[in-house]
Number of protein chains: 2
Amino acid sequence: MSAPEEQDPLWIDAETTVAARPADHKMELRLWLRLFSCSRLIENDIRRHLNAEFEFSLPRFDILAQLDRADEGLVLGEVSKRLMVSAGNITSLVEGLVKSGHITRTTSSGDRRAQVIRLTDKGRREFRRMAKVHSDWIAAYFERLPQKDIERLMDLLATLKDSTRQSIIARQEP
Amino acid sequence: MSAPEEQDPLWIDAETTVAARPADHKMELRLWLRLFSCSRLIENDIRRHLNAEFEFSLPRFDILAQLDRADEGLVLGEVSKRLMVSAGNITSLVEGLVKSGHITRTTSSGDRRAQVIRLTDKGRREFRRMAKVHSDWIAAYFERLPQKDIERLMDLLATLKDSTRQSIIARQEP
DNA sequence: GACGATTACTTTAGAATTAAAGTATCGAAC
DNA sequence: GTTCGATACTTTAATTCTAAAGTAATCGTC
(Lines give C-alpha, C1' and ligand atoms only; values in the text may rest on other atoms or scores of the structure.)
Protein backbone atom coordinates (compact mmCIF):
# COMPACT_ATOMS: atom_id res chain seq x y z
CA MET A 1 0.00 0.00 0.00
CA SER A 2 1.31 3.45 -0.85
CA ALA A 3 0.29 7.11 -0.69
CA PRO A 4 -3.46 7.90 -0.79
CA GLU A 5 -3.77 8.34 -4.54
CA GLU A 6 -7.53 8.42 -4.55
CA GLN A 7 -7.66 11.50 -2.32
CA ASP A 8 -9.13 14.01 -4.67
CA PRO A 9 -7.55 17.47 -4.38
CA LEU A 10 -4.30 16.09 -3.02
CA TRP A 11 -2.26 18.75 -1.27
CA ILE A 12 -4.38 21.70 -2.28
CA ASP A 13 -4.04 24.39 0.35
CA ALA A 14 -4.12 28.13 0.94
CA GLU A 15 -0.89 28.66 -0.93
CA THR A 16 -1.89 26.70 -3.97
CA THR A 17 -5.29 28.25 -4.52
CA VAL A 18 -4.12 31.81 -4.98
CA ALA A 19 -2.09 30.89 -8.03
CA ALA A 20 -4.61 31.87 -10.67
CA ARG A 21 -5.72 35.06 -9.01
CA PRO A 22 -5.52 38.26 -11.03
CA ALA A 23 -4.42 40.78 -8.43
CA ASP A 24 -2.20 43.60 -7.38
CA HIS A 25 0.89 42.33 -5.63
CA LYS A 26 0.18 38.84 -6.84
CA MET A 27 3.71 37.53 -6.70
CA GLU A 28 4.39 38.80 -3.21
CA LEU A 29 1.11 37.43 -1.92
CA ARG A 30 1.87 34.02 -3.37
CA LEU A 31 5.33 34.08 -1.89
CA TRP A 32 3.98 34.92 1.54
CA LEU A 33 1.43 32.13 1.40
CA ARG A 34 4.05 29.68 0.24
CA LEU A 35 6.37 30.69 3.03
CA PHE A 36 3.57 30.40 5.53
CA SER A 37 2.45 27.00 4.36
CA CYS A 38 5.98 25.59 4.49
CA SER A 39 6.34 26.85 8.01
CA ARG A 40 2.96 25.59 9.12
CA LEU A 41 3.47 22.20 7.54
CA ILE A 42 6.71 21.64 9.40
CA GLU A 43 5.49 23.14 12.65
CA ASN A 44 2.38 20.97 12.73
CA ASP A 45 4.40 17.86 12.04
CA ILE A 46 6.89 18.62 14.81
CA ARG A 47 4.03 19.26 17.22
CA ARG A 48 2.40 15.97 16.31
CA HIS A 49 5.56 13.96 16.84
CA LEU A 50 6.55 15.68 20.04
CA ASN A 51 3.13 14.88 21.46
CA ALA A 52 3.05 11.34 20.17
CA GLU A 53 6.57 10.29 21.10
CA PHE A 54 7.30 12.31 24.23
CA GLU A 55 3.93 13.62 25.41
CA PHE A 56 5.47 17.08 25.41
CA SER A 57 4.00 20.22 23.89
CA LEU A 58 5.82 22.33 21.31
CA PRO A 59 5.71 25.61 23.27
CA ARG A 60 7.18 23.88 26.30
CA PHE A 61 9.88 22.32 24.15
CA ASP A 62 10.66 25.71 22.62
CA ILE A 63 11.31 27.25 26.01
CA LEU A 64 13.62 24.41 27.04
CA ALA A 65 15.47 24.82 23.74
CA GLN A 66 16.17 28.45 24.46
CA LEU A 67 17.43 27.63 27.94
CA ASP A 68 19.67 24.82 26.72
CA ARG A 69 21.68 27.41 24.80
CA ALA A 70 21.79 29.93 27.63
CA ASP A 71 24.21 28.86 30.31
CA GLU A 72 23.35 31.68 32.66
CA GLY A 73 19.61 31.30 32.24
CA LEU A 74 17.32 33.87 30.67
CA VAL A 75 14.98 36.53 31.92
CA LEU A 76 11.39 36.05 30.87
CA GLY A 77 11.42 39.05 28.56
CA GLU A 78 14.24 37.54 26.55
CA VAL A 79 12.36 34.29 26.14
CA SER A 80 9.28 36.18 25.03
CA LYS A 81 11.25 38.14 22.42
CA ARG A 82 13.15 35.16 21.06
CA LEU A 83 10.09 32.98 20.65
CA MET A 84 8.05 35.93 19.41
CA VAL A 85 5.13 35.24 21.68
CA SER A 86 3.45 37.61 24.12
CA ALA A 87 4.80 38.09 27.63
CA GLY A 88 1.56 36.98 29.24
CA ASN A 89 1.83 33.67 27.48
CA ILE A 90 5.29 32.97 28.86
CA THR A 91 4.15 33.47 32.44
CA SER A 92 1.84 30.47 32.50
CA LEU A 93 4.10 28.22 30.45
CA VAL A 94 6.94 28.91 32.85
CA GLU A 95 4.66 28.18 35.77
CA GLY A 96 3.92 24.79 34.27
CA LEU A 97 7.58 23.98 33.60
CA VAL A 98 8.53 24.90 37.15
CA LYS A 99 5.77 22.68 38.49
CA SER A 100 6.89 19.76 36.33
CA GLY A 101 10.47 20.22 37.52
CA HIS A 102 12.07 21.10 34.20
CA ILE A 103 13.20 24.60 35.12
CA THR A 104 13.89 26.80 38.13
CA ARG A 105 12.87 30.37 38.51
CA THR A 106 14.63 33.00 40.61
CA THR A 107 14.43 36.74 40.96
CA SER A 108 17.37 38.45 39.33
CA SER A 109 19.91 39.68 41.86
CA GLY A 110 20.45 42.97 40.05
CA ASP A 111 16.84 43.79 39.19
CA ARG A 112 14.03 42.69 41.42
CA ARG A 113 11.49 43.00 38.61
CA ALA A 114 13.22 40.42 36.48
CA GLN A 115 12.72 36.66 36.75
CA VAL A 116 15.54 34.39 35.63
CA ILE A 117 14.74 30.85 34.55
CA ARG A 118 17.19 28.00 34.18
CA LEU A 119 17.10 24.33 33.23
CA THR A 120 17.19 21.81 36.05
CA ASP A 121 19.22 18.63 35.57
CA LYS A 122 16.02 16.82 34.78
CA GLY A 123 15.04 19.55 32.33
CA ARG A 124 18.35 19.39 30.51
CA ARG A 125 18.38 15.62 30.41
CA GLU A 126 14.85 15.36 29.05
CA PHE A 127 15.36 18.19 26.58
CA ARG A 128 18.48 16.61 25.13
CA ARG A 129 16.76 13.27 24.80
CA MET A 130 13.99 14.92 22.78
CA ALA A 131 16.32 17.21 20.87
CA LYS A 132 18.23 14.28 19.45
CA VAL A 133 15.17 12.89 17.67
CA HIS A 134 13.82 16.34 16.93
CA SER A 135 16.90 17.21 14.94
CA ASP A 136 16.45 14.06 12.85
CA TRP A 137 12.92 15.08 11.96
CA ILE A 138 14.15 18.46 10.86
CA ALA A 139 16.90 17.00 8.75
CA ALA A 140 14.35 14.80 7.01
CA TYR A 141 12.28 17.75 5.84
CA PHE A 142 15.28 19.12 4.00
CA GLU A 143 16.63 15.76 2.87
CA ARG A 144 15.69 16.22 -0.77
CA LEU A 145 17.27 19.68 -1.06
CA PRO A 146 20.83 19.85 -2.37
CA GLN A 147 23.31 21.51 -0.02
CA LYS A 148 23.53 24.43 -2.40
CA ASP A 149 19.80 25.08 -2.18
CA ILE A 150 19.95 24.96 1.59
CA GLU A 151 22.64 27.60 1.61
CA ARG A 152 20.76 29.72 -0.90
CA LEU A 153 17.60 29.49 1.21
CA MET A 154 19.55 30.54 4.29
CA ASP A 155 20.79 33.62 2.50
CA LEU A 156 17.48 34.58 0.99
CA LEU A 157 15.59 34.16 4.25
CA ALA A 158 18.16 36.27 6.05
CA THR A 159 17.61 39.01 3.51
CA LEU A 160 13.86 38.64 3.83
CA LYS A 161 14.03 38.87 7.60
CA ASP A 162 15.99 42.09 7.38
CA SER A 163 13.66 43.50 4.78
CA THR A 164 10.63 42.63 6.85
CA ARG A 165 12.04 44.17 9.99
CA GLN A 166 12.91 47.34 8.19
CA SER A 167 9.45 47.59 6.76
CA ILE A 168 7.88 47.00 10.18
CA ILE A 169 10.08 49.64 11.76
CA ALA A 170 9.51 52.08 8.91
CA ARG A 171 5.74 51.88 9.28
CA GLN A 172 5.94 52.63 12.99
CA GLU A 173 7.62 55.96 12.35
CA PRO A 174 5.93 58.87 10.59
CA MET B 1 13.83 60.18 16.98
CA SER B 2 14.70 56.93 15.24
CA ALA B 3 14.90 53.21 15.95
CA PRO B 4 15.62 52.13 19.53
CA GLU B 5 19.39 51.95 19.26
CA GLU B 6 19.96 51.53 22.95
CA GLN B 7 17.98 48.32 23.01
CA ASP B 8 20.68 45.91 23.92
CA PRO B 9 20.39 42.62 22.07
CA LEU B 10 18.57 44.15 19.12
CA TRP B 11 16.71 41.55 17.09
CA ILE B 12 18.05 38.53 18.88
CA ASP B 13 15.56 35.72 18.59
CA ALA B 14 15.20 31.96 18.46
CA GLU B 15 16.74 31.79 15.05
CA THR B 16 19.76 33.89 15.85
CA THR B 17 20.79 32.14 19.03
CA VAL B 18 21.36 28.71 17.55
CA ALA B 19 24.08 30.02 15.28
CA ALA B 20 27.04 29.07 17.43
CA ARG B 21 25.75 25.68 18.46
CA PRO B 22 27.96 22.70 17.82
CA ALA B 23 25.45 20.05 16.82
CA ASP B 24 24.31 17.33 14.51
CA HIS B 25 22.12 18.69 11.77
CA LYS B 26 23.17 22.20 12.60
CA MET B 27 22.57 23.72 9.21
CA GLU B 28 19.10 22.24 8.81
CA LEU B 29 18.09 23.29 12.30
CA ARG B 30 19.22 26.84 11.64
CA LEU B 31 17.36 26.90 8.38
CA TRP B 32 14.16 25.70 10.02
CA LEU B 33 14.42 28.34 12.74
CA ARG B 34 15.11 31.03 10.21
CA LEU B 35 12.14 29.98 8.12
CA PHE B 36 9.96 29.89 11.19
CA SER B 37 11.01 33.29 12.44
CA CYS B 38 10.40 34.91 9.06
CA SER B 39 6.95 33.42 8.97
CA ARG B 40 6.16 34.36 12.54
CA LEU B 41 7.44 37.90 12.13
CA ILE B 42 5.19 38.53 9.16
CA GLU B 43 2.20 36.71 10.61
CA ASN B 44 2.33 38.66 13.85
CA ASP B 45 2.58 41.94 12.01
CA ILE B 46 -0.39 41.14 9.80
CA ARG B 47 -2.42 40.12 12.83
CA ARG B 48 -1.56 43.35 14.61
CA HIS B 49 -2.57 45.53 11.68
CA LEU B 50 -5.73 43.64 10.94
CA ASN B 51 -6.80 44.09 14.54
CA ALA B 52 -5.75 47.71 14.75
CA GLU B 53 -7.16 48.93 11.44
CA PHE B 54 -10.21 46.73 10.92
CA GLU B 55 -10.90 45.10 14.27
CA PHE B 56 -10.84 41.79 12.50
CA SER B 57 -8.95 38.67 13.53
CA LEU B 58 -6.46 36.90 11.29
CA PRO B 59 -8.16 33.47 11.37
CA ARG B 60 -11.46 35.06 10.39
CA PHE B 61 -9.74 36.95 7.57
CA ASP B 62 -8.10 33.76 6.37
CA ILE B 63 -11.43 32.01 6.00
CA LEU B 64 -12.91 34.90 4.04
CA ALA B 65 -9.83 34.88 1.80
CA GLN B 66 -10.39 31.25 0.93
CA LEU B 67 -14.03 31.90 0.13
CA ASP B 68 -13.28 34.93 -2.02
CA ARG B 69 -11.46 32.64 -4.41
CA ALA B 70 -14.09 29.92 -4.39
CA ASP B 71 -17.11 30.93 -6.40
CA GLU B 72 -19.15 27.87 -5.48
CA GLY B 73 -18.33 28.05 -1.80
CA LEU B 74 -16.33 25.47 0.10
CA VAL B 75 -17.13 22.56 2.36
CA LEU B 76 -15.69 22.89 5.83
CA GLY B 77 -13.23 20.07 5.33
CA GLU B 78 -11.65 21.90 2.42
CA VAL B 79 -11.22 25.04 4.47
CA SER B 80 -9.65 23.03 7.25
CA LYS B 81 -7.17 21.41 4.86
CA ARG B 82 -6.25 24.60 3.06
CA LEU B 83 -5.61 26.60 6.19
CA MET B 84 -3.95 23.62 7.84
CA VAL B 85 -5.91 23.91 11.06
CA SER B 86 -7.98 21.27 12.81
CA ALA B 87 -11.59 20.64 11.85
CA GLY B 88 -12.84 21.44 15.33
CA ASN B 89 -11.33 24.87 15.10
CA ILE B 90 -13.16 25.70 11.88
CA THR B 91 -16.53 24.87 13.40
CA SER B 92 -16.49 27.70 15.89
CA LEU B 93 -14.88 30.24 13.57
CA VAL B 94 -17.57 29.56 10.99
CA GLU B 95 -20.24 29.92 13.64
CA GLY B 96 -18.90 33.37 14.44
CA LEU B 97 -18.72 34.45 10.80
CA VAL B 98 -22.29 33.34 10.19
CA LYS B 99 -23.43 35.26 13.26
CA SER B 100 -21.61 38.41 12.12
CA GLY B 101 -23.21 38.11 8.66
CA HIS B 102 -20.03 37.58 6.64
CA ILE B 103 -20.84 34.10 5.37
CA THR B 104 -23.77 31.74 4.88
CA ARG B 105 -23.79 28.09 5.66
CA THR B 106 -25.92 25.46 3.98
CA THR B 107 -26.01 21.70 3.96
CA SER B 108 -24.63 20.28 0.75
CA SER B 109 -27.39 19.07 -1.55
CA GLY B 110 -25.51 15.92 -2.49
CA ASP B 111 -24.19 14.97 0.94
CA ARG B 112 -26.08 15.77 4.07
CA ARG B 113 -22.95 15.46 6.19
CA ALA B 114 -21.20 18.28 4.38
CA GLN B 115 -21.64 21.97 5.16
CA VAL B 116 -21.00 24.47 2.39
CA ILE B 117 -20.07 28.03 3.32
CA ARG B 118 -20.17 31.06 1.04
CA LEU B 119 -19.46 34.78 1.30
CA THR B 120 -22.43 37.08 1.72
CA ASP B 121 -22.40 40.41 -0.10
CA LYS B 122 -21.36 42.07 3.10
CA GLY B 123 -18.65 39.47 3.59
CA ARG B 124 -17.26 39.97 0.12
CA ARG B 125 -17.40 43.73 0.36
CA GLU B 126 -15.65 43.86 3.71
CA PHE B 127 -13.09 41.26 2.73
CA ARG B 128 -12.12 43.16 -0.40
CA ARG B 129 -11.79 46.39 1.52
CA MET B 130 -9.37 44.72 3.92
CA ALA B 131 -7.60 42.73 1.22
CA LYS B 132 -6.60 45.87 -0.60
CA VAL B 133 -4.58 47.18 2.33
CA HIS B 134 -3.46 43.73 3.33
CA SER B 135 -1.78 43.24 0.01
CA ASP B 136 0.13 46.49 0.46
CA TRP B 137 1.48 45.30 3.79
CA ILE B 138 2.66 42.07 2.19
CA ALA B 139 4.34 43.88 -0.65
CA ALA B 140 6.21 46.05 1.84
CA TYR B 141 7.81 43.05 3.55
CA PHE B 142 9.38 42.02 0.26
CA GLU B 143 10.12 45.53 -0.94
CA ARG B 144 13.85 45.28 -0.43
CA LEU B 145 14.20 41.99 -2.27
CA PRO B 146 15.11 42.15 -5.95
CA GLN B 147 12.62 40.48 -8.29
CA LYS B 148 15.15 37.77 -8.98
CA ASP B 149 15.40 36.86 -5.31
CA ILE B 150 11.65 36.70 -5.05
CA GLU B 151 11.50 34.25 -7.91
CA ARG B 152 14.33 32.20 -6.48
CA LEU B 153 12.58 32.06 -3.12
CA MET B 154 9.37 30.93 -4.77
CA ASP B 155 11.22 28.06 -6.43
CA LEU B 156 13.15 27.01 -3.38
CA LEU B 157 10.12 27.05 -1.13
CA ALA B 158 8.17 24.99 -3.65
CA THR B 159 10.93 22.43 -3.57
CA LEU B 160 11.02 22.52 0.20
CA LYS B 161 7.29 22.02 0.43
CA ASP B 162 7.49 18.95 -1.77
CA SER B 163 10.44 17.60 0.13
CA THR B 164 8.68 18.11 3.44
CA ARG B 165 5.50 16.43 2.27
CA GLN B 166 7.39 13.46 0.98
CA SER B 167 9.23 13.10 4.23
CA ILE B 168 5.98 13.32 6.20
CA ILE B 169 4.32 10.73 4.00
CA ALA B 170 7.38 8.49 4.08
CA ARG B 171 7.44 8.39 7.87
CA GLN B 172 3.80 7.38 8.03
CA GLU B 173 4.48 4.22 6.03
CA PRO B 174 6.60 1.34 7.24
C1' DG C 1 15.86 62.20 47.31
C1' DA C 2 11.37 62.93 44.91
C1' DC C 3 8.88 62.95 40.70
C1' DG C 4 7.61 60.80 36.10
C1' DA C 5 8.45 57.72 32.58
C1' DT C 6 9.92 53.23 31.47
C1' DT C 7 10.50 48.46 32.12
C1' DA C 8 9.36 43.55 33.69
C1' DC C 9 6.21 40.94 34.71
C1' DT C 10 1.30 39.28 36.08
C1' DT C 11 -3.50 39.16 35.73
C1' DT C 12 -7.74 39.03 33.26
C1' DA C 13 -10.93 38.05 29.74
C1' DG C 14 -11.60 36.11 25.77
C1' DA C 15 -10.26 34.01 21.24
C1' DA C 16 -7.91 30.34 18.84
C1' DT C 17 -6.16 25.86 18.86
C1' DT C 18 -5.66 20.92 19.39
C1' DA C 19 -6.64 15.98 20.34
C1' DA C 20 -9.89 12.83 21.17
C1' DA C 21 -14.36 11.14 21.49
C1' DG C 22 -19.03 11.44 19.72
C1' DT C 23 -22.89 11.76 16.02
C1' DA C 24 -24.78 11.32 11.69
C1' DT C 25 -24.42 10.13 6.93
C1' DC C 26 -22.49 7.81 3.09
C1' DG C 27 -20.84 3.96 0.24
C1' DA C 28 -19.68 -0.47 -0.75
C1' DA C 29 -19.98 -5.30 -0.16
C1' DC C 30 -22.66 -8.81 0.88
C1' DG D 1 -31.64 -3.77 2.16
C1' DT D 2 -28.22 -4.60 6.03
C1' DT D 3 -24.04 -4.08 7.89
C1' DC D 4 -19.53 -2.18 8.43
C1' DG D 5 -15.98 0.95 7.69
C1' DA D 6 -15.03 5.53 6.20
C1' DT D 7 -16.13 10.34 6.04
C1' DA D 8 -17.83 15.14 7.64
C1' DC D 9 -18.60 17.46 11.07
C1' DT D 10 -19.42 18.71 16.25
C1' DT D 11 -18.51 18.53 20.97
C1' DT D 12 -15.56 18.51 24.94
C1' DA D 13 -11.70 19.49 27.75
C1' DA D 14 -7.57 21.38 28.06
C1' DT D 15 -3.77 24.22 26.41
C1' DT D 16 -1.95 28.12 24.07
C1' DC D 17 -2.24 32.67 22.81
C1' DT D 18 -3.27 37.68 22.62
C1' DA D 19 -4.42 42.43 24.02
C1' DA D 20 -5.08 45.34 27.57
C1' DA D 21 -4.96 46.72 32.14
C1' DG D 22 -2.62 46.32 36.53
C1' DT D 23 1.51 46.08 39.85
C1' DA D 24 5.91 46.79 41.24
C1' DA D 25 10.72 48.08 40.57
C1' DT D 26 14.07 50.85 38.18
C1' DC D 27 16.08 54.81 35.92
C1' DG D 28 16.81 59.50 34.77
C1' DT D 29 16.28 64.14 35.88
C1' DC D 30 15.66 67.82 38.47
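Values in this document were obtained by computation on a predicted structure and should not be read as measured data. Residue numbers begin at 1 in each chain, while the letters A, B, ... track the order of the sequences.
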Enquirer: Once you round to the nearest 0.5 Å, how far does OH of Tyr141(B) lie from CG of Leu35(A)?
Expert: 12.0 Å

Enquirer: Does Asn89(A) place a side-chain N or O at less than 4.0 Å from the phosphate oxygens OP1/OP2 of dT16(D)?
Expert: no

Enquirer: Between atom CD1 in Ile90(A) and atom P in dT18(D), what is the gap in whole Å?
Expert: 9 Å

Enquirer: Quick one: Arg40(B) CZ to dT18(D) C1', roughly how many Å, whole number?
Expert: 10 Å

Enquirer: Roughly how many Å is it from CG in Asn44(B) to P in dT18(D), rounded to a whole number?
Expert: 6 Å

Enquirer: Closer than 4.0 angstrom, basic N to acidic O: yes or no for Asp162(B) and Arg144(A)?
Expert: no

Enquirer: Could you check how far CG of Leu74(A) sits from P of dA8(C), rounded to whole Å?
Expert: 14 Å

Enquirer: Between atom CG in Asp45(A) and atom P in dT18(C), what is the gap in whole Å?
Expert: 14 Å

Enquirer: From dC9(D), dC17(D), dT17(C), pick the nucleotide closest to the side chain of Pro59(B)?
Expert: dT17(C)

Enquirer: Any carboxylate oxygen within less than 4.0 angstrom of a Lys/Arg side-chain nitrogen, looking at Arg152(A) and Asp155(A)?
Expert: no

Enquirer: At under 4.0 Å between heavy atoms, what does Gly77(B) touch on the DNA or RNA strands: base, sugar-phosphate, or nothing?
Expert: sugar-phosphate

Enquirer: Quick one: on DNA chain C, does Ala87(A) or Arg47(A) contact a more 5' nucleotide (nearest heavy atom)?
Expert: Ala87(A)

Enquirer: Would you indicate what Ser57(A) reaches in the nucleic acid, counting non-hydrogen atoms under 4.0 angstrom: base, sugar-phosphate, or nothing?
Expert: sugar-phosphate

Enquirer: When Asp68(B) is tested against each of Lys132(B), Arg118(B), Arg128(B) for salt bridge (charged side-chain N to carboxylate O under 4.0 Å, His left out), which residue passes?
Expert: Arg128(B)

Enquirer: Think Arg60(B) forms a cation-pi with Phe56(B), using NZ or CZ under 6.0 Å from the six-ring centre and within 45 degrees of its axis?
Expert: yes

Enquirer: May I ask you to list the residues of residues 107-119 of chain A, by number, that have any heavy atom positioned under 4.0 Å from an atom of DNA chain C?
Expert: Arg113(A), Ala114(A), Gln115(A)

Enquirer: Any chance the rings of Phe61(A) and Phe127(A) have centres within less than 6.0 Å?
Expert: yes

Enquirer: Rounded to whole Å, please give me the gap between CZ in Arg60(B) and P in dG14(C).
Expert: 16 Å

Enquirer: Can you check the Leu93(B) CG to dT18(C) P distance for me, whole Å?
Expert: 10 Å

Enquirer: Could you label the plane-to-plane angle of the Trp137(B) and His134(B) rings as parallel, tilted or perpendicular, counting under 30° as parallel and over 60° as perpendicular?
Expert: perpendicular

Enquirer: Go nucleotide by nucleotide along DNA chain D from the 5' end; which of Asn51(B) and Leu58(A) gets its closest nucleotide reached first?
Expert: Leu58(A)

Enquirer: Over how many whole Å does the gap from Glu43(A) atom CD to dT17(C) atom C1' extend?
Expert: 11 Å

